[in-house]
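Only a predicted model underlies this, so the values are computations on that prediction, with no experimental measurement involved.
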Amino acid sequence: MPGWLSLGAQVRSALPPQLDAELRDFWEGGAAPWPPHRREFLLEMGELPAPPADTRTHTLTVMGRDLRATAAGDDLWLDGQLWVRVTPDGGRVVCGPGGASPELWALAFTELHRAGGWLPLHAAVVAAGGRAVAFTGVSGAGKSTAALRLHAAGEHVLAEDRAFWHAPSGVVTGLDRHLRAYEDSLDRFAPALLPLARAQGRDAHGKLRLPLRGAPASAGSGAQLTRLLLLDPGTPGALDLPGRVRAAWEATGVPLTACARTAVQAGVARLLPRLGPASLDREALLPAVRALLSPGEAPPRPQGPES
C-alpha cells in the first residue's frame, strides 16, 4: 500500500487514488512527536461490520452538518459510511462502497489521532523560537481576525483553526495550509496582503486564503505549547476552576471511543496548567500573545509527567 504521514502516523491506503489524494491534501503533515511513537492507520474500501444491537447512536455537528456516530468500546460507526477501529498504536478505517463525506473522514482521523495523545484544538497557534501560544474561543469570537493581524505583523502563524497538541511531548502543530479571512478584514488589517489572497481564491464560505509559512505538508513544523488563551469578546475576566475545565474541554471536543477517551482525559489534565487565568477580549489578546512569545517569558511549569 502507498503511504504518507499524518502527525507522525504512517497512513497505509488502499483507497481509490482520487480519494486518497483528497485525504492526503487535508491530513498529511504536521509535526511528529518526540520521542517518536510510530503508529499506523490502515484505510480500505469494503463492507462495514454491523454495530452491536445494544449500542446508542449520537448526533454530532461537524462543519455545520449533523452526523450519526455509534460507538462500542474502540469501534466507531459513522453515518453507516465508515467503520473505525482505534488502538493506541493506530487503527483501521473501512469505507463503504458508497464512499463517505469529508466531515466523516474528519471525525475518523481526529479519533485516530486522539488515541495517540493528539488533542485537536479549536484554536489558532502562533510560534516563535520553538515556543507557541494558542488562543481558542467560540466560533465568531475573532480567532481568524486575530491570527490575520499577527500574521500581517510578521508573526509565525502555525494554525488558524486546525491545531493539534501532543500531550505527552507538549508539541503543538497545525494542519492548515492557509489562513482564511473575509475581504473586509484583509482590507482593514492587512491591505498589503490583498493581492496575494485574491490570487489564492476563496474557500467554500467566501473567505480569501493566505498561504501559511511552513505549511504542514512541506515543513512539518511544531513548537512547545506554553500557553492556551481564551478569547471572549463578550465577557472577559478571571476564570474559576470549573470555567477553566469547561474551556479546556470545549477547545478539544469530546472523544467517542474508549481508547481515545483515556488519552484525552490525561491530555486535558496536562492542558489545564497551560490555560490562561483569565479570558481576554480582542484588543488584549494580541499584546498578550506577543508578551508570552518574548524571549524573557518563562513557560508555565506543567503538572504531571511529560513522557
Side-chain angles (χ1 to χ4, degrees), residues 5-15 23 26-27 30 32-33 37-63 65-96 99-123 162-169 171-173 175 245-246 248-272:
L5 293 177
S6 177
L7 300 180
Q10 183 74 43
V11 181
R12 302 288 186 188
S13 173
L15 301 174
L23 292 174
F26 202 69
W27 286 101
H37 174 202
R38 182 48 59 91
R39 307 177 70 232
E40 187 171 78
F41 302 164
L42 302 178
L43 314 180
E44 56 192 290
M45 304 293 295
E47 297 294 332
L48 276 56
D54 58 348
T55 53
R56 291 180 58 190
T57 297
H58 304 274
T59 300
L60 308 172
T61 301
V62 180
M63 302 179 189
R65 288 188 56 186
D66 289 338
L67 307 173
R68 293 177 295 114
T70 303
D74 287 323
D75 286 3
L76 183 63
W77 290 261
L78 299 174
D79 242 8
Q81 299 174 34
L82 291 179
W83 170 68
V84 186
R85 171 159 289 172
V86 178
T87 73
D89 293 323
R92 178 184 174 202
V93 183
V94 177
C95 180
S101 67
E103 294 85 357
L104 294 176
W105 280 107
L107 276 175
F109 266 84
T110 299
E111 196 70 7
L112 289 168
H113 283 310
R114 280 180 172 134
W118 286 100
L119 272 64
L121 295 179
H122 182 53
R162 296 181 65 218
F164 283 82
W165 179 61
H166 189 247
S169 67
V171 169
V172 67
T173 190
L175 291 177
V245 172
R246 183 172 59 253
W249 277 103
E250 288 176 347
T252 191
V254 179
L256 301 170
T257 59
C259 185
R261 193 176 302 117
T262 298
V264 171
Q265 286 172 345
V268 168
R270 290 175 171 173
L271 184 63
L272 280 171

Peer 1: Has the side chain of Thr252 got a donor or acceptor atom that lies under 3.5 Å from a matching backbone atom of Ala248?
Peer 2: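 Checking the backbone N and O of Ala248 against the side chain of Thr252, no donor-acceptor pair under 3.5 Å is found.
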Peer 1: State plainly whether the residues Glu44 and Arg92 are in salt-bridge range, i.e. N to O under 4.0 Å.
Peer 2: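 Salt bridge between Glu44 and Arg92, a charged N being under 4.0 Å from a carboxylate O: yes.
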Peer 1: Applying side-chain contact (heavy atoms from CB on, under 4.5 Å), run through His166 and Phe164 and close with a yes or a no.
Peer 2: CA-CA 7 Å; His166 189 247; Phe164 283 82; over 6 Å; no
Peer 1: Which atoms form the tightest heavy-atom contact between Trp105 and Cys95, and what is the distance?
Peer 2: CZ2-CB, 3.8 Å
Peer 1: Shortest non-hydrogen contact from Pro255 to Val264?
Peer 2: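 Scanning both residues, the minimum pair turns out to be CG-CB, 3.9 Å.
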Peer 1: Please report the shortest heavy-atom distance between Leu119 and Gly267, naming the atom on each side.
Peer 2: CD2-C, 3.8 Å
Peer 1: Which atoms form the tightest heavy-atom contact between Val171 and Trp118, and what is the distance?
Peer 2: O-CZ3, 3.9 Å
Peer 1: Mind checking side-chain contact (heavy atoms from CB on, under 4.5 Å) for Arg65 and listing every partner two or more places apart, or none if nothing turns up?
Peer 2: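 By the side-chain contact (heavy atoms from CB on, under 4.5 Å) rule, Arg65 matches Leu67, Ser101, Glu103.
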Peer 1: Any donor and acceptor pair, going by atom type alone, linking the side chain of Arg39 with main-chain N or O of Leu7 inside 3.5 Å?
Peer 2: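 Not confirmed, Arg39 side chain does not pair with Leu7 backbone.
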Peer 1: Applying side chain to side chain donor-acceptor pair (under 3.5 Å) as the test, list every pair that has at least one member in residues 50-59; sequence neighbours left out.
Peer 2: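 Matches after skipping sequence neighbours: Thr57-Thr70.
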Peer 1: Looking at residues at least two apart in the chain, or sitting in another chain, which of them share a side-chain contact (heavy atoms from CB on, under 4.5 Å) with Ala106?
Peer 2: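 Per chain and number, Ala106 pairs via side-chain contact (heavy atoms from CB on, under 4.5 Å) with Trp27, Met63.
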Peer 1: Does anything in residues 111-120 form a salt bridge (Lys or Arg N to Asp or Glu O under 4.0 Å)? List the pairs, not counting sequence neighbours.
Peer 2: Glu111-Arg114
Peer 1: Would you check, one step at a time, whether the test side-chain contact (heavy atoms from CB on, under 4.5 Å) holds for Leu15 with Met45?
Peer 2: CA-CA 6 Å; Leu15 301 174; Met45 304 293 295; 3.7 Å; yes
Peer 1: In Å and rounded to the nearest 0.5 Å, what is the CZ to CG distance from Phe41 to Asp89?
Peer 2: 10.5 Å
Peer 1: Measure across Ala115 and Ala263 and return the closest heavy-atom pair with its distance rounded to 0.1 Å.
Peer 2: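 Here Ala115 and Ala263 meet closest at O-CB, 4.0 Å.
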Peer 1: Using a 3.5 Å distance criterion without hydrogens, assess whether the side chain of Ser6 forms a donor-acceptor pair with backbone atoms of Ala9.
Peer 2: no
Peer 1: For Gln81, which residues count as a side-chain contact (heavy atoms from CB on, under 4.5 Å) partner, sequence neighbours excluded?
Peer 2: Asp79, Ala100, Leu104
Peer 1: List in chain and number order the residues that pass side-chain contact (heavy atoms from CB on, under 4.5 Å) with Ala71, two or more places apart in sequence or in another chain; answer none if no residue qualifies.
Peer 2: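 side-chain contact (heavy atoms from CB on, under 4.5 Å) check on Ala71 returns Leu76.
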